[in-house]
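Below is one structure, written out as structure tokens; the observations come after it.
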There are 2 protein chains.
Amino acid sequence: MLKELPQGEGLMGKGVDTIVEAVLGGVTVGMNPSDCPVRDVLDHIGGKWSSLILLNLKARPHRFGELKRAIPDISQRMLTQTLRDQQRDGLISRHVFPTNPPSVEYRLTDLGDSLIVTLSPLMAWAVDNHSHILKARAVFDDHG
Amino acid sequence: MLKELPQGEGLMGKGVDTIVEAVLGGVTVGMNPSDCPVRDVLDHIGGKWSSLILLNLKARPHRFGELKRAIPDISQRMLTQTLRDQQRDGLISRHVFPTNPPSVEYRLTDLGDSLIVTLSPLMAWAVDNHSHILKARAVFDDHG
DNA sequence: CGGGATCCTTTCTGATACTG
DNA sequence: CAGTATCAGAAAGGATCCCG
């Protein structure tokens, strides 16, 4: 829930940390550009493929090729790269089975699972409100 | 809340729409790349500045210069552009006062407000779990 | 004050070819 | 099968100058 914000001089001129702190409620957040947790997370899930991969892994563990088939329009390069990033962030884990040919399975970690649980209301909002957005765009584009 | 997903053949080879439908619960979602509501929204809030602007406007209406000062490291160009995009999407409204010099005020619309309310749990998650992510990265970068 | 227009650099993404 | 390496185009972002 959002917290009541101070009025009057308010947040003006105090930098972003004050705002986030005010909105999130007293949490101290280092706001040195690269330290901002909000942007750090949003930049990742905002990527073109991250959420789609997490959704697939939420369903069940997947092998590399399975993911590739489940998300037909992803390139091999981006799949590899996104998986690496998510593994690096501790959102997914990678398990190699030394069979022949090799087999690699990806699965959601607890951290990744908690992220997608938190993310799902936002996805629901997107579905629910997409028509509003499209309509607003049409109006804006038509006359201004 | 997330829905139980079918096992067995599951989602493999059925395309992304099936997954989103399964996870979000029976909503029919056209998944032609540009039609996906989830990606459409995520691409926007994932931008470098969108969430920060929305947070500021959540606190109270802001004038252009106020926003610029509140977010010191944004360039004038990106501020203008992001505001236009959000206005186009119906998330914020723009009010011009024909004073001299001119004054323009931006404020959150109801739609924008509902978005940031939905978004705030995710921001809280980011704050709460950022240390986990940083730690995972350190481990990953150290050895693999 | 609130931008628009332009140029330039960085980052992202896709296509293609090759490998253990 | 599950990647790596390389290249090229597209897009995002920043710096600067200009205007009513």
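Chain letters run A, B, ... following the sequence lines, proteins first and then strands; every chain starts at 1. Hydrogens, waters and symmetry mates are skipped; everything else that's a heavy atom, side chains included, is used.
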Sub-3.5 Å donor-acceptor pair from the side chain of A:S50 to the main-chain atoms of A:H44, do we have one? yes

From CG of B:N100 across to C1' of C:dG2 the rounded distance in Å is 12 Å

Please tell me which of the listed nucleotides, C:dT13, C:dG20, C:dG2, lies nearest to the side chain of A:P102? C:dG20

Between C:dT13 atom P and A:I74 atom CD1, what is the distance in whole Å? 10 Å

Is any side-chain heavy atom of A:H95 closer than 4.5 Å to a side-chain heavy atom of A:S93? yes

B:K48 and A:D43 ion-paired at < 4.0 Å: no

Mind checking whether A:F97 and A:L83 sit in one hydrophobic cluster, side chains of I, L, V, M, F, W, Y counted as touching below 4.5 Å? no

Check ion pair B:E105-B:R60 (N to O, under 4.0 angstrom): no

Report the distance from atom CZ of B:R69 to atom P of C:dG2, rounded to the nearest whole Å. 8 Å

Need one value for A:F97: base, sugar-phosphate or nothing, where a base atom within 4.0 Å counts as base even if backbone is also close, heavy atoms only. nothing

Taking B:Y106 as the fixed residue, which of B:R63, B:H62, B:R94 is the one that meets the side chain to side chain donor-acceptor pair (under 3.5 Å) rule? B:R94

Could you say whether B:S103 or A:G47 is positioned toward the 5' end of DNA chain C, judged by the nucleotide with the nearest heavy atom to each? B:S103

Close approaches to DNA chain D from residues 75-85 of chain B, in residue order (heavy atom, under 4.0 Å): B:S75, B:Q76, B:R77, B:M78

Quick one: is B:Y106 getting a side-chain N or O under 4.0 Å of the C:dG3 phosphate, OP1 or OP2? yes

A:P121 and B:T118: which non-hydrogen atoms are nearest, and at how many Å? O-CG2, 3.5 Å

Rounded to the Å, how far apart are B:D73 CG and D:dA12 P? 19 Å

Closer than 4.0 Å, any side-chain N/O of A:K68 to the OP1 or OP2 of D:dC1? no

Send over the distance from B:I53 CD1 to C:dG2 P, rounded to a whole Å. 14 Å

Tell me the interatomic distance from B:L52, atom CG, to D:dG13, atom P, rounded to whole angstroms. 13 Å

Using only side-chain N and O atoms of A:K48, determine if any of them is under 4.0 Å from OP1 or OP2 of D:dA11. no

Looking only at C:dC1, C:dG14, D:dG3, the nucleotide nearest the A:V104 side chain is D:dG3

Given atom CZ of B:F64 and atom C1' of C:dG4, what is their separation to the nearest angstrom? 11 Å

Given atom CZ of B:R63 and atom P of C:dG3, what is their separation to the nearest angstrom? 10 Å

